[in-house]
Amino acid sequence: MFDRIYDLADKLDQGSTTDLDDRARACRAAKDEVHTAKTALDALRTELDEAWQGNAGEAALADLDDFRRNRERQADDLGHSAVSFEVVRDALEKAQRDARSKREEAKALQAELEKAWQDAEDNPLKLPGAWAKQAKTKVQEALLLLDMERIVRTYDMVLNNEGATIRGMKGHIDEDAGAVLRAERDKDAGVLGELAHILSVLKKNPNLGKSLLMDKLMENPELAKEIYRYFGFKYSENGDFYTTGETSLQSYFGWHDLYDEAGPALGMRLHETSHPNIEFRDPETGKQYRLEAWKGSYGHGGSFGGEVALYAKDADPKGPDNIPGYHSAVTGDDQIRVTQQIYDKSHPDRVYMTNDGQGSHDPDKRHYWNLAIQTDPNVDREQLGQRATIHVEHRPAMRDEMFKAMQRYAEADPTFKPVLNPDGSISYTWEK
């Protein structure tokens, strides 16, 4: 993997920001020349308008007007092309800077590993330490490679988007082009591609997915920090479980129907509240929401737990979130406070863990995803029950529609039992 990291960094270094800058300047120079030509045409048009009369004269003036408008569109296209070249230049500069940083991290990591093995050759008593170092390095190396490939794909996305914009010019330009974030639909497409890549990596090496949840791995503070940064998992000492933060990769991915199908490749065997989905609309905003819960085994049987998550679609049917089967993770006022318990169905008083909103970054503990996973290979997923209380008192119209959707799901799954509480919250127990 180290060779792959160095190879990707080298390929990015081959790009030339100077060449892109030269192209942007050339476009702007050409735009100025076109403007100069248009100014001359404007003056000519004024003179001819005074001299040409009759049908033939009016037809000639109309042709001249069309020619002048074409010059205007050409000037606009050249200006927008200059902006696109600058966007690509800035993206390449950032990608090269980030890639160089990752390459240096990889070199330092590789040097540490080589030193550990060299020390072991000189002193056999250090051999166990070298093996431990190699196991740790393998995961760090995989995370570095994921990061490097993300840098490359991010740059490629900008390059492809701006290239398509330039190629598609016909007198106007996509309003989303320029030195600002591309259209939401492009961002969402990139998110799905990013997830597919990570899933493919973990499918080829399922032990990597398993190891990310192992206690021994999380005992290393630096590595635990990196795992939280990339995958969102963080250990809760009070409850003895792993939870997730609001700004993990998962929050960016949102939810797609295909994700559940990818679960087995990641070592997950879960029950899920789907078919029918718990979907509903807020009558006040028109937004569509999906509440979904999971419970079962994770990490190829090494862990168990549950999840409760809320996702949303834009009210506009042509909006950026309206990719078929896709919902974004809720943010802001859409977030909800959830208390989740995982218990033994045979002995309901035996509670394995309770997550009362840990992982949220806010004092009110509102989140889009309540997750609790505990490491124990001896717990049977078929014996797991889940109970949760969802606080949506601040959105009564949305709350009522959520409860109706939960009741509809309960008709298909009798083990799911929702209750509307006097304080306005919703509770349920689920023993599928």
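For reference, positions follow the sequence shown, starting with 1. Given the structure is predicted, the values throughout are model-derived calculations rather than measurements.
- Under the 3.5 Å distance criterion, the side-chain polar atoms of H367 are matched with a main-chain donor or acceptor of T244.
- The aromatic rings of Y289 and F280 sit parallel, their planes meeting at an angle under 30°, below the 60° perpendicular limit.
- Looking at R395, its side chain never comes within 3.5 Å of a backbone N or O of I336 through a donor-acceptor pair.
- Within the 3.5 Å criterion, the main-chain N or O of S425 finds no donor-acceptor partner in the side chain of R399.
- When atom types are taken as modelled, the side chain of Q96 and the backbone of L12 share a donor-acceptor pair closer than 3.5 angstrom.
- Remark: side-chain polar atoms of N277 are not paired, donor with acceptor, to backbone N or O of E279 under 3.5 angstrom.
- With Y343 as the aromatic partner, R387 meets the cation-pi criteria of under 6.0 angstrom to the ring centre and within 45 degrees of the ring axis.
- Contact check on K94 versus D90 returns no salt bridge, with no Lys/Arg side-chain nitrogen under 4.0 Å from an Asp/Glu carboxylate oxygen.
- A cation-pi contact links K295 to W430, judged by a cut-off of 6.0 Å to the six-membered ring centre and 45° from its axis.
- Under a 3.5 Å cut-off, the side chain of R381 and the backbone N or O of S297 do not form any donor-acceptor pair.
- Between K345 and E431 there is no salt bridge, since none of the side-chain N atoms of the basic residue sits less than 4.0 Å from a carboxylate O of the acidic one.
- For the pair D380 (side chain) and E382 (backbone), a donor-acceptor distance under 3.5 Å is present.
- Within the 3.5 Å criterion, the main-chain N or O of P276 finds no donor-acceptor partner in the side chain of S274.
- For the pair T243 (side chain) and L371 (backbone), a donor-acceptor distance under 3.5 Å is present.
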